[in-house]
Every structure is written in structure tokens, then in C-alpha cells.
Amino acid sequence: MNEAFASAPGKFVILGEHAVVYGKPAIAIAIDRRFYMSVKKSNEFMINNEAADIRQNPHLRYILGNYDMMPVSVNMDSRIPTGSGLGSSAALSVAFSAAMRALNNRSLNVADIAKEAFEAEYFSQGRGSPMDTSASAHGYGIALNMSKEKEDILWNISKNEHAWNVSRIDVPKMTFVIGCTGIRAATGPLVEKVRKYKDSNRFASDIIEEISGITVEGLKCIRSNDVVNLGKLMTKNHKLLSILGVSSDELNKLVNASLPYAYGAKLTGAGGGGCMVALTDQPDKVCEAISSRGGAPFIVKTGVEGVRTSEKSEQK
Ligand code: PMV
């Protein structure tokens, strides 16, 4: 193959972010916003047709290390807002892992892609969980550290003292609206902030336990399509994340604006800025409320396929 094409979706976290870093449960859902990538062999490293020190990009750098730093020309185009808690760097890692495999006739096993992409994220951030990369690789909906059903388990990943099992979940048709604050916030420092709080204060560990309990309850609600209680759990999760110090005035504003028209709402991803998500059956009203508070809303389509490769560009 001369050129390989791959794409991978972004995601939002419905319940359990931050707690998942400590091996607690979490649930993430893929969204219909994708990262598109093409890779071909080249005499020098190139990004979007310009000579580049690709090794300066730690996600690409890590994966290229598995190919003896073979020079490649990479073209990328993302429809996922960056630094917004929607998993754009995870989707980049997943798509690049898949494209490099396709180009080099290596296995396209999705579990291998998810693991390689997680290592690339970890290499880049120095911390984190395999939630984003697993959600992007598998698509649809995934739960971490939840399933006891063997047939639902997709893969197991461990790093240092933490281990995660990743399982598929069926997500019934529900409507979500994502609202972006437009403020970019890097994941690493927010994860570090929670870790410091947790290490120095027993209260923070209790909050993380509480988030863990909410996430387990939330999965029951998803399985029984109980949007009313799922929404309540999302809002509760937001309050607990605020106590952990990862919300912001802008996020709170968008969450509060959406609540009169939603079953529940919360920040999604690392927080600090980025985006929130609302579960609703009045998506237009929620979009209006978010816009009126200065946020950028979009309605999310779920049931989205994970990573895929092709010999031709998917984009028109
Ligand atoms: O903001 P994002 O999309 O990178 O999500 C981060 C989710 C955390 O739980 C805060 C960190 C992690 O790696 O799981």
C-alpha cells in the first residue's frame, strides 16, 4: 500500500472522569466528530505537506518509535475541537496507529490499536487512563472497570499500579448536547491537580469513591433507558467534580443554563474549560440556552463506529 487512510471518533464522558485514573469505573460514548489521517512513506518527515520535525509531536513520535522512526508524510484533518475534553489527541493517536499499521501491513486488531494509542497518550501526558483511546478505537459506548460478563470485555490494559478492563455497552437512543466554553485546558495539569488533592486530603478520596458509586448506578440507568435518573446522576457527578476543583465559572454557567431543559448536565473530560454535556429531549432549547451564555453547542449523534482504515480518503 502506498498511502493508508484512517479515521477515529472523539468521545464524551458521561460519568466517571478523573476517578477512572485511579482504576475506578467510567463510561464514555463516541461522537460523530472524527479525526482523519493519511500516511505515506516519504524521504523526510512531513505534516500537511510541509517539512516538519514530526518527533516534536509526542503522540506521533511514540508510535513512530515502533517503526524505527521511519520517515512519513502525514496529512491530518480533525473535526474534533482540541483541548476540549472530547478526546481529540486520543483520536489522533488511534488514527495514526491504525494508518501506520495499514501502511506496513501489520495487524489491524482493534485491541492492539487501543493499547498502542494509550501508550502514545501516556508517553505524551505522563499520566491518564485508557478511556479516551479505548472509546475512540471501539466507538459506540464503553465502560471501564464495570463488566463481570466475559463476553462484554473488549480488552484489559494496565500501567504501573493501575489496571483497567474495558467493556462494550449498549447505549439506547438518547439525545445529548455538547456545549463548548471555547477555553482550552490541557488534561495533564488537571489530572495532576486532582492527584495532589487526593494525596493530601482524605475528603478528595471520598469524593472519588462517591463518583465511582454514581457511575455504577448510571450504567444501570443506561441499561434500563432511565433518562430521568441518569440525568440526576450526571448533575450530581458535576457537583462532585466541582468540589474536586476541575470545573470553572464558564462550565458552571453552561451547565446551569441547560438544566431547565435537560434531565441533567455536567462537564465532560478533564474540565478547567473545554466542554459540558447535557442529556435532554429538548435539544434545540438546550442549544439556545448554551448559545445565550456564550457557549458553542452541537447536538451529538451516538452509535458511532470506532477506528477504520481505507485505501482511499473518506473525505469528499
Ligand atoms: O479531557 P480529556 O478528553 O483528555 O479526558 C480526560 C479524562 C480524565 O479522566 C480526566 C483523564 C483520563 O486520562 O482518564
Side-chain angles (χ1 to χ4, degrees), residues 8-31 33-35 58-59 78 80-94 114-115 117-137 142-146 157-166 176 178-198 204 207-208 211-212 214-215 218 234 237-238 240-248 250-251 266-277 300:
K11 64 92 203 35
F12 69 89
V13 188
I14 180 161
L15 293 166
E17 57 271 87
H18 284 289
V20 69
V21 172
Y22 307 98
K24 306 290 179 198
I27 305 167
I29 297 178
I31 60 173
R33 297 257 174 149
R34 301 183 78 84
F35 201 109
H59 297 87
S78 176
I80 309 166
T82 53
S84 301
L86 300 177
S88 98
S89 69
L92 174 150
S93 305
V94 167
K115 287 177 189 173
F118 167 60
E119 290 295 341
E121 281 267 280
Y122 203 94
F123 175 77
S124 165
Q125 290 177 7
R127 53 182 81 77
S129 79
M131 172 169 59
D132 289 20
T133 37
S134 292
S136 183
I142 60 152
L144 280 89
N145 295 342
M146 295 274 242
I157 296 185
S158 58
K159 188 86 195 165
N160 304 330
E161 74 273 29
H162 296 301
W164 298 267
N165 75 53
V166 181
F176 296 96
I178 286 180
C180 297
T181 61
I183 298 165
R184 293 172 57 145
T187 302
L190 288 150
V191 171
E192 192 56 21
K193 180 175 179 183
V194 173
R195 190 192 59 76
K196 280 201 182 125
Y197 190 17
K198 182 178 173 296
I207 301 281
I208 285 169
I211 291 175
S212 170
I214 283 176
T215 307
M234 287 170 66
N237 194 167
H238 179 75
L240 295 170
L241 288 164
S242 304
I243 297 171
L244 284 180
V246 295
S247 191
S248 68
E250 291 79 6
L251 280 167
K266 63 183 274 293
L267 71 86
T268 184
C275 302
M276 47 71 68
V277 60
V300 164

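Order of listing sets the numbers, starting from 1, for every ligand and every atom in it.
The closest approach between any non-hydrogen atom of Glu121 and ligand 1 is not below 4.0 Å.
Ligand-side atoms of ligand 1 in range of Val20: 9 (O), 14 (O), range being under 4.0 angstrom from any heavy atom. Within the listing of ligand 1, atoms 2 (P), 3 (O), 5 (O) sit less than 4.0 angstrom from a heavy atom of Lys11. The contact set between ligand 1 and Gly85, taken as ligand atoms under 4.0 Å from a residue heavy atom, comprises 1 (O), 2 (P), 3 (O).
Residue Asp132 touches ligand 1 through its side chain alone, judged by heavy-atom distances below 4.0 Å. At a heavy-atom cutoff of 4.0 Å, ligand 1 is contacted by the side chain of Val191 but not by its backbone. Of the heavy atoms in Gln125, none comes closer than 4.0 Å to ligand 1. With a heavy-atom cut-off of 4.0 Å, Met131 touches ligand 1 through its side chain alone.
Of the protein's heavy atoms, His18 N, 4.0 Å lies nearest to atom 8 (C) of ligand 1. Looking from atom 4 (O) of ligand 1 to the surrounding protein, the closest heavy atom is Thr187 OG1, 2.8 Å.
Formation of a donor-acceptor pair under 3.5 Å by the Ser78 side chain with backbone atoms of Ile80 is found in this model. Looking only at distances, a side-chain donor or acceptor of Glu17 sits under 3.5 Å from a matching main-chain atom of Gly269. With hydrogens and angles ignored, the 3.5 Å screen pairs a side-chain donor or acceptor of Thr215 with a backbone N or O of Ile211. Checking side-chain atoms of His59 against main-chain N and O of Glu121 turns up no donor-acceptor pair under 3.5 Å.
In plain terms, the two heavy atoms of Phe123 and Pro58 that are nearest each other are CD2-O, 3.4 Å. Heavy atoms only, all atoms of each residue included: Lys11 and Ala135 are closest at CB-CB, 3.9 Å.
Note: Phe118 and Tyr122 have perpendicular aromatic rings, judged against thresholds of 30 and 60 degrees for the angle between ring planes.
Of the candidates Thr268, Ile214, Val277, Met234 forms a side-chain contact (heavy atoms from CB on, under 4.5 Å) with just one, namely Val277.
Evaluated by nearest non-hydrogen atom to atom 13 (O) of ligand 1, the leading choice among Ser129, Ser136, Gly271 is Ser129.
Ligand 1 has no nitrogen or oxygen under 3.5 angstrom from a nitrogen or oxygen of Glu17. Remark: ligand 1 and Ala270 share an N or O pair separated by less than 3.5 Å (distance only, no angle test).
Within 6.0 Å of the NZ atom in Lys159, the count of heavy atoms belonging to other residues, nucleotides or ligands exceeds 12.
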